[in-house]
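Worksheet: one structure, shown below.
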Amino acid sequence: MQSSGMPELAEVEYFRAIWDAGVRQRVEKVKLHAGKRIFRGSDSRLLQRALTGATFLGSETRGKQIALRFSGDAWLGIHLGMSGDMRVEPPDFKPEKHDHLTLFQKKRALVLKDPRMFGRVRFHVGKDLPDWWSSPAPAITSRQFSLKWVREALQRRRGPIKGALLSQNIFPGVGNWMADEILWQAGVSPTRVASGLNEDELHALWKATRSITKTALKTIGVDWGDPPKNWLIHVRWKKTGKCPRDGSKLCRETIAGRTTAWCAQCQE
DNA sequence: CAACCTGTTCGCCA
DNA sequence: ATGGCGAACAGGTT
């Protein structure tokens, strides 16, 4: 699998857990690149003041969104966009050009890097939950992410199924590679109109979404490990990519605004 | 060097 | 009103 961090739900979970090294520890100092695009819409000076001296209590993910809780009812929101990653450095670390936010603790520095800054840092203080932490969509791993949920959401869509899979309000955390993987494993062509799938196809799509999510979280999500060898992800960017199932040459086209790879033989 | 990129948001339109 | 589309965002990589 490609090593650069371009995060969908499993990659996001992997990076979130990296900062667990600092849970229950105080933040001694905060360094940030105020005014950078990554802080758009939030007050980075207020963030800096509120997190200095606060204790990092824990974090969780919702799709591609990460929420980190701190003492004093302070919340940090991180979205990694296209090029974000999170890492841990020694406490005397000097942030580099793209390290836009660094939380210094006694024994380590928690670093957020995002060269392209399509990602975003948010901030909230209060007893109430941040508004950016609410989502209409149930987690794919939850019971509420049912066949019924998928069926009803897809009924409203007129465009290609590929576009519907990228909608965070339906499939939270699914991005470009997962969408292609889901369609390939379900045997559904990315060009099909979302509302036109029959019951068998809907069921296959729902099952593939659940199992790919589960497996990605157990591999990529834990230690950036490789997903199963026979998955499409390993060949989808190769110029001469071949379908792992039947060996035929993969199609590549822009569908719903994203480069899409699929096998015209086994996806109808 | 030009093209391309695992994401979201905006404005415009149907 | 909701959804779909293209453009824009910014830097690194091929």
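So you know, we letter chains A, B, ... as the sequences are listed, proteins then strands, and number each from 1.
Remark: dT6(B) base-pairs with no nucleotide; criterion is Watson-Crick or G-U wobble with both hydrogen-bond distances under 3.5 Å.
Across all strands shown, T259(A) has heavy atoms under 4.0 Å from sugar-phosphate atoms exclusively, and none from any base.
Position along DNA chain C of the nearest nucleotide to A164(A) versus F118(A) favours A164(A) as the more 5'-ward residue. Mapped onto DNA chain C by nearest heavy atom, R156(A) and G257(A) fall at different nucleotides, with R156(A) at the one closer to the 5' end.
Electrostatic pairing of D131(A) and R122(A) does not count as a salt bridge here, judged by no charged N lying under 4.0 Å from a carboxylate O.
For the OP1/OP2 pair of dG4(C) and a distance below 4.0 Å, the side-chain nitrogens and oxygens of R157(A) include at least one atom meeting the criterion. Side-chain N/O atoms of Q168(A) include one lying less than 4.0 angstrom from OP1 or OP2 on dT8(B). Put simply, H79(A) has a side-chain N or O that comes within less than 4.0 Å of OP1 or OP2 on dT8(B).
We find that CE of M6(A) is positioned 8 Å from C1' of dT13(C), with the value rounded to whole Å. Atom CE of M178(A) and atom P of dC5(B) are 20 Å apart (whole Å). In this structure, CZ of F15(A) is placed 13 Å from P of dG7(B), rounded to the nearest angstrom. A straight line from CZ of R40(A) to P of dC9(C) spans 12 Å, rounded to a whole angstrom.
Between the side chains of D246(A) and S248(A), at least one donor N or O sits under 3.5 Å from an acceptor N or O.
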